[in-house]
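Below, read A as the first sequence line, B as the second, and so on, with proteins coming before strands; counting in each chain starts at 1.
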Amino acid sequence: MSTKSINTIVDRRDGKLAMAHFYVAFIALAIGGLAGLLQTLVRSGKYELPWGIGYYQVLTVHGVVLGLVLTTFFIMGFQLAAVSRTSGALTDKQRMTGWIGFWLMTIGTVMAAVMILLNEASVLYTFYAPLQAHALYYVGLTLVIVGSWIDGAALIMAYASWRKANPGKPSPLLTFMAIVNTLLWIVATIGVAATVLFQLLPWSLGLVERVDVLVSRTLFWYFGHPLVYFWLLPAYMAWYAIVPKIIGGKIFSDSLARMSFILFLLFSIPVGFHHQLMEPGIDPAWKFLQVILTFLVIIPSLMTAFSLFATFEMFGRSKGATGLFGWVKKLPWGDARFAVPFIGMLAFIPAGAGGVINASHQLNQVVHNTIWVTGHFHLTLATSVILTFFGISYWLVPHLTGRVLTKAMNKLAIIQAVIWAIGMTFMSGAMHAAGLLGAPRRSSFSTYGGSEQAAEWIPYQVAQAVGGSILFLGIILMLYIFINLAFFAPKGEQEFPVGEVADAAEKTPMVFENWKLWIGITVLLILFAYTIPFIDMIQNAPIGSKGYKFF
Amino acid sequence: MHIHKFEKIWLIFGITTLLVFLSVIGVSAFYLGNQPPSCLATINPEKVDTTAPFDKPGLKKVEGKEWDYELVFVASAFAYNPGQVEVPKGAKVKVIATTKDVIHGFEVAGTNINMMLEPGFISEYVTTFDKAGEYLIVCNEYCGVGHHMMSSKIEVVE
């Protein structure tokens, strides 16, 4: 007999834990967004930073705070709420575990932030050795990761108690998805934890003199690509399992949704070399192997696209839509909970296509480390993912705080998304274009000694600043809506929508819950893709590098 | 597990396209030799200035090789040596570069030359400069406070 009751409302105590994560996430949005605005202004060439603040210091803030802090906190908060909603309230022990994770992450964030503010860590969020940050920066980032593992442990414990109470049954879809993403995160972060704990930390403390640069980069990118899927999968959770309920439709297929998540787990990790295509010391045949593995994630992406649009079309036709595209008109365009993530879905079409270009082995030479790449991940992370996170917030925040999304806020939310789309079209579009002309990413304003080529990039940089300013307006609106939903919106009950499976869909096979199998294949694929190149790197390693502080 | 007929068609179409696409870049890489720069040679980054060919940066005519010239660059924070170089139009050139300190980028804007320079490793790329003009070399990997000032120039002359 199950001792846990499944409610349609997230337990209030779990809600507080999730909201704690969201407060940090939205503070990060404010700080990181401001940093982003300043970067685009500086790079337009019309503005200089005051008080001796460095461009690369601001750039480090932007990357760490948005790429690591906002994402990890929001995702963990969302997943805690989703598991509590679909598998029942957390036990006291699980909730306590979650709080420990939260505080470790928060303390780590503060440590890293202080070091960045003191200009002791202007090494960007990728912290490539041999640029050497203060040891406390590395300790801070380690705490963020360890804290996220503990948060993840709370989720896994909650999943285990659900399975125990419901033997032989497939877990609730949202719980299952949160668990896949948590496992993906844990397997991936082992790489970055290894380079920080065994290489960078002892080296920055002076315990060892030299660091192996290529090994450190490889461990970083072993983590760096699955990181983007860790961002994306919570958006997919909303697209697959929540948006269908919001529009009043059904989930197209529970089994296919689970299968696509498992495929992401398998194919998103052994692919880090596609970030290292241009570097020496790695045999091109191994690079190509990882290019192939990279492209296998196209399959679950195609499955996702099909499922989403099948859900939309089935819903539209059930409402009497006719013709090839008549169903489009039946979708609830006035509902921010649908319309905002939908804009995110649309952005994923050019974003995904750009990603295919980036990973295309020799084609990468044209765009590697140009601002094209920045344009690319501002479509994936900063549009598809973040607009979906905003879309989730519009119902989840009031749900957790016992308030409602009012009509006025709903309207503002749609305006916010439109502003975002316009700003991003300017910024990301100009970044893609300038990148094709050769403009480098992660660089302050420069005329490169009056070069004619560099002069061609400047109009695009001005367009980026225009886009960046529009986007900052979007951030202010978002923060206003968040504060309203968290503290001021009228009291009431806002639904936590959880989709139901379409009648035609069949029973979910239990094989998807066979973690020994999936983790086993994941590990085998990783060993296959990395063992030999890693042995090569270590056997043929040049003398290591001393640390440099060029900031 | 049931898969809808339309989804099967969609996936077969998608996967076929993917296979064609992968074959194209595979043939380009392994048959035509269009591999990304992946030199496996190493060097002591603290002795770059005394190690050949980096003891004499710049353009050098070579005989009996698949390329006509070798163009040697040494990168360090925040400059390239040489700071400017002339290359004859139509010459097949092997660009050879390394770094003395942190990681730098080596991107010749408007060409396909784009490679990472990492301490301890040599990076190489063979190319033909078949259009005259001035090409800007930029560092496209963050290397410190002067990163955006780090550049050089290749002039392709008739």
Practice task
Mind ranking B:V138, B:N140, B:T42 by heavy-atom pairs under 4.5 Å with chain A and telling me who comes out on top?
Solution key: B:N140

Completion exercise
One option among B:A109, B:S151, B:G120 has the most heavy-atom pairs under 4.5 Å with chain A, and it is B:A109

Handout entry: Between A:H274 and A:F288, ring centroids under 6.0 Å
Key = no

Handout entry: Closest-packed option against chain B by number of heavy-atom pairs under 4.5 Å, given A:L59, A:V356, A:L214
Key = A:L214

Problem - Among B:V24, B:L40, B:V102, residue most engaged with chain A (heavy-atom pairs, under 4.5 Å) - result: B:V102

Problem - Close side-chain approach of A:I371 and A:Y460, heavy atoms under 4.5 Å - result: no

Fill in the blank from the handout: Max heavy-atom pairs within cutoff under 4.5 Å with chain B, candidates A:V213, A:N540, A:V123, goes to A:V213

Practice task
Could you look at B:L11 and say if it's the side chain, the backbone, both or neither that has a heavy atom under 4.5 Å from chain A?
Solution key: side chain

Exercise for the section: Answer with side chain, backbone, both or neither: which region of B:F106 has an atom nearer than 4.5 Å to a non-hydrogen atom of chain A? Expected result: neither

Exercise for the section: Specify which of A:L436, A:L131, A:L363, A:L277 makes the most heavy-atom pairs with chain B at under 4.5 Å. Expected result: A:L131

Completion exercise
When rounded to the nearest 0.5 Å, the distance separating CZ of A:R43 from OG of A:S443 is 5.0 Å

Problem - is_close_aromatic(A:F127, A:F220), centroid dist under 6.0 Å - result: yes

Fill in the blank from the handout: Ranking B:P37, B:G133, B:G144, B:G14 by heavy-atom pairs under 4.5 Å to chain A gives rank one to B:P37

Exercise for the section: Go through the atoms of A:A285 and report whether side chain, backbone, both or neither lie under 4.5 Å from a heavy atom of chain B. Expected result: both

Completion exercise
Cut-off 4.5 Å, heavy atoms of chain A, and the answer for B:I122 is backbone

Exercise for the section: Kindly indicate whether a cation-pi arrangement holds for A:R217 with A:Y128, taking the cut-offs as under 6.0 Å to the six-membered ring centre and within 45° of the axis. Expected result: yes

Handout entry: Note: B:K89-B:D130 ion pair, threshold 4.0 Å (strictly below)
Key = no

Exercise for the section: Please state whether the side chain, the backbone, both or neither of B:F21 comes within less than 4.5 Å of a heavy atom of chain A. Expected result: side chain

Fill in the blank from the handout: In terms of heavy-atom pairs under 4.5 Å with chain A, the winner among B:V145, B:N34, B:I25 is B:I25

Practice task
Under 4.5 Å, counting heavy-atom pairs only, tell me which of A:E452, A:R442, A:Q276 racks up the most with chain B.
Solution key: A:R442

Problem - Proximity of B:Y142 and A:Y56 rings by center, below 6.0 Å - result: yes

Problem - Proximal component of B:Q35, with respect to chain A [non-hydrogen, under 4.5 Å] - result: both

Exercise for the section: Under 4.5 Å heavy-atom distance to chain A, tell me which part of B:E124 shows up: side chain, backbone, both or neither. Expected result: neither

Practice task
Using non-hydrogen atoms and a 4.5 Å limit, figure out which bit of A:I298 sits close to chain B: side chain, backbone, both or neither.
Solution key: side chain

Handout entry: A:D283 portion near chain B, given a 4.5 angstrom heavy-atom threshold
Key = both

Handout entry: Which atoms of A:I282 approach chain B - backbone, side chain, both or neither, heavy atom under 4.5 Å
Key = backbone

Handout entry: Donor on one side chain, acceptor on other, A:T508 and A:D254, under 3.5 Å
Key = yes

Problem - A:E279 portion near chain B, given a 4.5 angstrom heavy-atom threshold - result: both

Practice task
Answer yes or no: is there a side-chain heavy-atom contact under 4.5 Å between B:M116 and B:S123?
Solution key: no

Problem - For the student: nearest non-hydrogen atoms of A:W203 and A:S545, plus distance - result: NE1-O, 3.3 Å

Exercise for the section: Sort out for me which residue in B:K94, B:K65, B:K61 forms a salt bridge (charged side-chain N to carboxylate O under 4.0 Å, His left out) with B:E70. Expected result: B:K65

Exercise for the section: Kindly say whether A:N119 contributes a backbone atom to a donor-acceptor pair with the side chain of A:S122 at under 3.5 angstrom? Expected result: no

Handout entry: Part of B:I103 lying under 4.5 Å from any heavy atom of chain A
Key = both

Problem - Atom of B:G105, atom of B:Y80 and distance for their closest heavy-atom approach - result: O-OH, 2.5 Å

Exercise for the section: Counting only heavy atoms closer than 4.5 Å, note whether A:F445 contacts chain B via side chain, backbone, both or neither. Expected result: backbone

Exercise for the section: For each of B:K153, B:H148, B:E118, B:E46, tally heavy-atom pairs with chain A at distances under 4.5 Å, and name the one with the top tally. Expected result: B:H148

Problem - Side-chain donor-acceptor pair present, B:S152, B:Q84, cut-off under 3.5 Å - result: no

Handout entry: Toward chain B, the part of A:S360 with a non-hydrogen atom under 4.5 Å
Key = both

Exercise for the section: Compute the centroid of each ring, for A:F252 and then for A:Y240, and state whether the two points are separated by less than 6.0 Å. Expected result: no

Completion exercise
Cut-off 4.5 Å, heavy atoms of chain B, and the answer for A:W457 is side chain

